[in-house]
A.B. asks: 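What follows is a single structure, and I will ask about it in a moment.
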Amino acid sequence: MSEEARSLNFIEHIIEEDLKNGYSQKDLRFRFPPEPNGYLHIGHASSICLNFGLGLRYNAPVNLRFDDTNPAKEENEYVEAIKEDVSWLGFKWDTECYASDYFQQLYDWAVMLIKEGKAYVDSQSSEEIASQKGTPTEPGKDSPYRNRSVEENLRLFKGMKDGEFKDGEHVLRAKIDMASSNMLMRDPVMYRILHKAHHRTNTDWCIYPMYDWTHGESDYIEQVSHSLCTLEFLPHRELYDWFLDQVVSSDKLRPKQREFARRNLSHTVVSKRKLLQLVESGVVESWDDPRMPTISGLRRRGFTPESIRNFADTIGIAKRENVVDVSLLDFHVREHLNKIAPRVMAVLNPLKVVLTNYEEGKEEWLDAENNPEDPSAGSRKVPFSRELYIEQEDFREEANRKFFRLKLGGEVRLKNGYIIKAESCTKDDEGNIIEVQCTYDPKSKSGSGTEESLRKVKGTLHWVSIPHAITAEVRLYDRLFTDPTPDGHKDKDFMDFVNPNSLQKVTGYLEPSLKDAQIGDQVQFQRLGYFNVDKDSTPENLVFNRTVTLRDTWAKLEQKS
RNA sequence: UGGCCUAUGGUGUAAUUGGUAACACAGCUGAUUUUGGUUCAGUCGUUCAAGGUUCGAGUCCUUGUAGGCCAACCA
């Protein structure tokens, strides 16, 4: 990694500037602050890579903080899933934090604000409060409760905390400015009453702090130096700073909120509501369906942590709207898998080939290189016999010179094996080719060193020996949506763009070395793509997922003509 | 009919802070190749618009234009 060569993103410029202006490197601390209310997706991965990447770059700690202030939506199940996903991506957090650990401190500070006349209990309904908010162009109106006495506020707030009131009867509001051009500054709610058990604090509390009151103060408590969030929080910054102003002491570090544009991936959706709709409507099977943009889905699909990190690195971070093409993600998985995935042979759309001059009942075990990119990966033996499968697409009765595959009267090499020549073929009643009769050149065996073995023939096919082949269920995945921005159309629902062919299940015929493949194993089916063993797989019933196809310039050529 | 943010090739991100617009992906051409993979070489194409400041503007100023965000007891 040529760290020097990489240019800085705007966040790093801000940090460098801070370092120049008196921050010490030891002051730096970051955090990734998910709400445990759902599964992490590729967008979160970007944020994770940003924050943890900064930690690595500046040798600074990064906290994993759960923003768990709304028990109505949060569950421990998600906490565990999030921890697993972050770990899987390869990052180690410094401290595991929970906003709920700060409930008492937050409460004490709120009491302090009340005493200073900077917060008050409002006893109106949420509708009434909303109706007084005003609009972006008109100022809001003061609540009739805005000028309650400190004593009354203190008493009511304590009552709220002690469970004397029902949900919605009162809220605590910051007393700021009902005429502010920033709607968030118009006396934002700090606490609401919620008689609901929390996954960590259980029933200790029946009032819960709002995001704005919690987030900056949590950053301050943890002494996070740079609190990075997405652009839609930009208007919150003024409030973030106002809340911080109420509690900071000069001997402590004051956190900074800075905002970046969330990364959007083409041909996908990430909103929780939409993802849920995909699951519930049965378009996909689960949250970790290999077509889902969730981290667990990507993992199951066969994406590697390295590929996702590299992807996040190259797309970088900025402040403008963006839609990153999925092909860039594909590039990064291929780049990584090309280096590490053992090559094997599998036929997914079989056509029988009979070598008429090959002795019946004979078998040979041929040497096959495991990975041309990695000589240390060694080699294995693959069985060869008189009857083989090749792909149907690899044979045509006749074809032009551009077709580097098998055609009648033409020659082709069987990978790691012999040169064969197609002599004839047989068809069924409907005219489908069901078998090709070929002859092989016994002297052309790969690696034998003979003159014949060194002959150049245009075209090398993968194959499997029929008597030796094992079968597996192979799941061929394609993008879930046919449109680059499925949720970017005003007149159409994103569900209209669901790709009906996003999953195709076929039976594959594999070389026998795959018999002991373990869940998670990643291989390249030569000429077809990268595949991994799905968690549904058992020794009796192997299941492979296609992570991504190989680049296919032939398919492009074909499409053009 | 307010406030704020943003604008660089097909896509994403840079530009020594005012000094030759670069990197990756995608596309195209060719070479290599027992994977139509990989690798290698080459090629394509860009500063939203109009003014202004300046020896010099992607960068600063003005005015437009376009897109986005903001009125949850969500985060």
Side-chain angles (χ1 to χ4, degrees), chain A residues 5-9 13 33-35 37 67-70 72-74 122 125-127 129-140 167-173 180-184 186 189-194 207-208 210-212 214-215 229 231-238 259 261 263 266 313-325 327-332 334-335 338-339 343 345 369 372-373 402-405 412-417 419 446-447 453-462 484 524-529 549-558:
Chain A
R6 203 178 135 261
S7 54
L8 304 182
N9 63 44
H13 279 295
E35 181 187 16
N37 70 341
D67 237 333
D68 54 349
T69 57
N70 185 1
K73 292 187 173 180
E74 296 149 8
D122 196 330
S125 68
S126 60
E127 294 76 18
I129 291 175
S131 72
Q132 292 158 6
K133 265 264 150 98
T135 69
T137 53
E138 302 159 40
D167 288 5
E169 268 188 74
H170 307 282
V171 289
L172 184 73
R173 289 229 255 170
S180 172
S181 60
N182 182 349
M183 303 283 297
L184 287 155
R186 326 247 259 224
V189 172
M190 294 170 67
Y191 277 93
R192 78 285 214 179
I193 300 171
L194 206 55
I207 57 171
Y208 290 94
M210 302 291 289
Y211 166 85
D212 287 296
T214 309
H215 204 89
C229 59
L231 235 33
E232 64 268 27
F233 287 95
L234 204 153
H236 293 248
R237 184 148 119 198
E238 191 180 359
E259 310 81 12
R263 321 315 322 219
S266 75
D313 257 19
T314 51
I315 62 179
I317 208 75
K319 293 180 80 167
R320 59 170 155 162
E321 298 284 307
N322 60 83
V323 181
V324 183
D325 202 292
S327 68
L328 189 57
L329 223 201
D330 291 344
F331 164 79
H332 283 286
R334 289 193 187 109
E335 181 189 46
N338 177 49
K339 289 191 198 115
R343 279 43 207 314
M345 292 197 284
E369 193 180 23
E373 302 296 313
K402 288 272 180 63
F403 188 75
F404 303 160
R405 305 180 182 191
V412 90
R413 175 172 288 281
L414 294 178
K415 178 85 183 169
N416 304 312
I419 293 173
S446 292
S453 74
L454 299 173
R455 258 175 68 211
K456 300 281 178 202
V457 286
K458 197 69 185 169
T460 302
L461 306 186
H462 63 279
Q524 182 195 92
F525 288 174
Q526 280 181 112
R527 301 211 300 137
L528 297 177
T549 62
L550 259 27
R551 271 187 79 223
D552 192 349
T553 49
W554 166 243
K556 276 178 207 153
L557 267 175
E558 280 271 277

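Numbers restart at 1 for each chain; the letters A, B, ... are given by sequence-line order, proteins then strands. As a basis for the values below, the full set of heavy atoms in this structure was taken, side chains included, without hydrogen atoms, waters or symmetry mates.
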A.B. asks: Can you pull every protein N or O that's under 3.5 Å from an N or O on nucleotides 12-15 of chain B?
C.D. replies:
from, atom 1, to, atom 2, distance (Å)
G12(B), OP1, V323(A), N, 3.2
G12(B), O3', R263(A), NH2, 3.0
G12(B), O2', I315(A), O, 2.8
U13(B), OP1, R263(A), NH2, 3.1
U13(B), OP2, R320(A), NE, 3.1
U13(B), OP2, R320(A), NH2, 3.4
A14(B), OP1, I317(A), O, 3.0
A14(B), O2', S7(A), OG, 2.8
A15(B), OP1, H13(A), NE2, 3.0

A.B. asks: Mind checking E259(A) for me? I need base, sugar-phosphate or nothing, with any heavy atom below 4.0 Å counting as a touch.
C.D. replies: nothing

A.B. asks: Rounded to the nearest 0.5 Å, what separation is found between the CG atom of L329(A) and the OG atom of S266(A)?
C.D. replies: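 It comes to 9.5 Å.
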
A.B. asks: Going by the rule salt bridge (Lys or Arg N to Asp or Glu O under 4.0 Å), which residues pair with E169(A) if we only count those two or more places apart in sequence or in a different chain?
C.D. replies: none

A.B. asks: Determine the Euclidean distance between corresponding P atoms of G45(B) and U6(B); express it in Å to zero decimal places.
C.D. replies: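 31 Å, rounded to whole Å.
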
A.B. asks: Counting heavy atoms from C-beta on, name the nucleotide in G36(B), G2(B), C74(B) closest to the side chain of M210(A).
C.D. replies: C74(B)

A.B. asks: With a 4.0 Å cutoff (strictly under), does any side-chain N or O of R186(A) reach OP1 or OP2 of G3(B)?
C.D. replies: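 No.
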
A.B. asks: Using a heavy-atom cut-off of 4.0 Å across all strands, would you classify F403(A) as base, sugar-phosphate, or nothing?
C.D. replies: base

A.B. asks: Determine the interatomic distance between C1' on C4(B) and the same-named atom on G42(B); round to the nearest Å.
C.D. replies: 47 Å

A.B. asks: For U20(B) versus U11(B), give the span between their C1' atoms, rounded off to a whole number of Å.
C.D. replies: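 After rounding to an integer number of Å, I get 25 Å for this pair.
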
A.B. asks: Is there, by distance only and without an angle test, a donor paired with an acceptor across the side chain of H236(A) and the base of A75(B) below 3.5 Å?
C.D. replies: yes

A.B. asks: Would you check, one step at a time, whether the test side chain to side chain contact (heavy atoms under 4.5 Å, CB included) holds for D67(A) with H215(A)?
C.D. replies: CA-CA 8 Å; D67(A) 237 333; H215(A) 204 89; 2.8 Å; yes

A.B. asks: G64(B) and G27(B): how far apart are their C1' atoms, nearest whole angstrom?
C.D. replies: 35 Å

A.B. asks: Using the closest heavy atom to pick a nucleotide of RNA chain B for each, name whichever of N338(A) or Y191(A) lands nearer the 5' end.
C.D. replies: N338(A)

A.B. asks: May I ask you to say what V171(A) touches in the nucleic acid, namely base, sugar-phosphate or nothing, with a heavy-atom cut-off under 4.0 Å?
C.D. replies: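 Here V171(A) touches the bases of the nucleic acid.
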
A.B. asks: Using a 4.0 Å heavy-atom cut-off, does K456(A) contact any base of the nucleic acid, only the sugar-phosphate backbone, or nothing at all?
C.D. replies: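 K456(A): backbone/sugar contact only, no base atoms under 4.0 Å.
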
A.B. asks: Please measure how far the P atom in U59(B) lies from the corresponding atom in U47(B), and state the result in whole Å.
C.D. replies: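 My reading of the P atoms in U59(B) and U47(B) gives 12 Å.
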
A.B. asks: If the condition is salt bridge (Lys or Arg N to Asp or Glu O under 4.0 Å), which residues does E259(A) pass it with, not counting sequence neighbours?
C.D. replies: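 With sequence neighbours excluded, E259(A) shows a salt bridge (Lys or Arg N to Asp or Glu O under 4.0 Å) to R237(A), given in chain and number order.
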
A.B. asks: Name the nucleic acid region contacted by S125(A), choosing base, sugar-phosphate or nothing; use a 4.0 angstrom heavy-atom cut-off, strictly under.
C.D. replies: base

A.B. asks: Tell whether E373(A) reaches the base of U39(B) with its side chain through a donor-acceptor pair below 3.5 angstrom.
C.D. replies: no

A.B. asks: When we call it a touch if two heavy atoms are under 4.0 Å apart, what does F233(A) touch: a base, just sugar-phosphate, or nothing?
C.D. replies: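 If one applies the 4.0 Å heavy-atom cut-off, F233(A) turns out to touch a base.
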
A.B. asks: Categorize F331(A) for me: base, sugar-phosphate, or nothing, with a 4.0 angstrom heavy-atom threshold over every strand shown.
C.D. replies: sugar-phosphate

A.B. asks: Between the side-chain atoms of R413(A) and the base atoms of U34(B), is any donor-acceptor pair under 3.5 Å?
C.D. replies: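 Such a pair is found, so the answer is yes.
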
A.B. asks: Do T460(A) and R527(A) have side chains that approach each other closer than 4.5 Å (heavy atoms only, starting at C-beta)?
C.D. replies: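 No, side chains not in contact.
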
A.B. asks: Under 4.0 Å between a side-chain N or O of R173(A) and OP1 or OP2 of C73(B)?
C.D. replies: no

A.B. asks: Roughly how far, to the nearest 0.5 Å, is CG of L528(A) from CE of M345(A)?
C.D. replies: 11.5 Å

A.B. asks: At what distance, to the nearest 0.5 angstrom, does CG of D330(A) lie from CZ of R551(A)?
C.D. replies: 12.0 Å

A.B. asks: Report the residue (L461(A) or H332(A)) whose heavy-atom-nearest nucleotide on RNA chain B is the more 5′ of the two.
C.D. replies: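 Upstream on the strand: H332(A).
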
A.B. asks: For the side chain of T137(A), counting heavy atoms from C-beta on, which of C70(B), U1(B), C73(B) is nearest?
C.D. replies: U1(B)

A.B. asks: Taking the side chain of R551(A) as its heavy atoms from C-beta onward, which of C70(B), G27(B), C73(B) lies nearest to it?
C.D. replies: G27(B)

A.B. asks: Within the structure shown, what part of the strands sits under 4.0 Å from T135(A) by heavy-atom distance: base, sugar-phosphate, or nothing?
C.D. replies: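 If one applies the 4.0 Å heavy-atom cut-off, T135(A) turns out to touch a base.
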
A.B. asks: Does the side chain of R343(A) reach to within under 4.5 Å of the side chain of E373(A), using non-hydrogen atoms?
C.D. replies: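 A side-chain contact exists here, since the closest heavy-atom pair is under 4.5 Å.
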
A.B. asks: Answer with base, sugar-phosphate or nothing: what part of the nucleic acid does G447(A) contact at a heavy-atom distance below 4.0 Å?
C.D. replies: base

A.B. asks: Regarding P372(A), tell me which of base, sugar-phosphate or nothing describes its non-hydrogen contacts under 4.0 Å with the strands shown.
C.D. replies: base

A.B. asks: Going by centres under 5.5 angstrom and planes under 30 degrees, do the aromatic ring of W554(A) and the base ring of G36(B) stack?
C.D. replies: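 Here the ring of W554(A) and the base of G36(B) are stacked, with centres under 5.5 Å and planes under 30°.
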
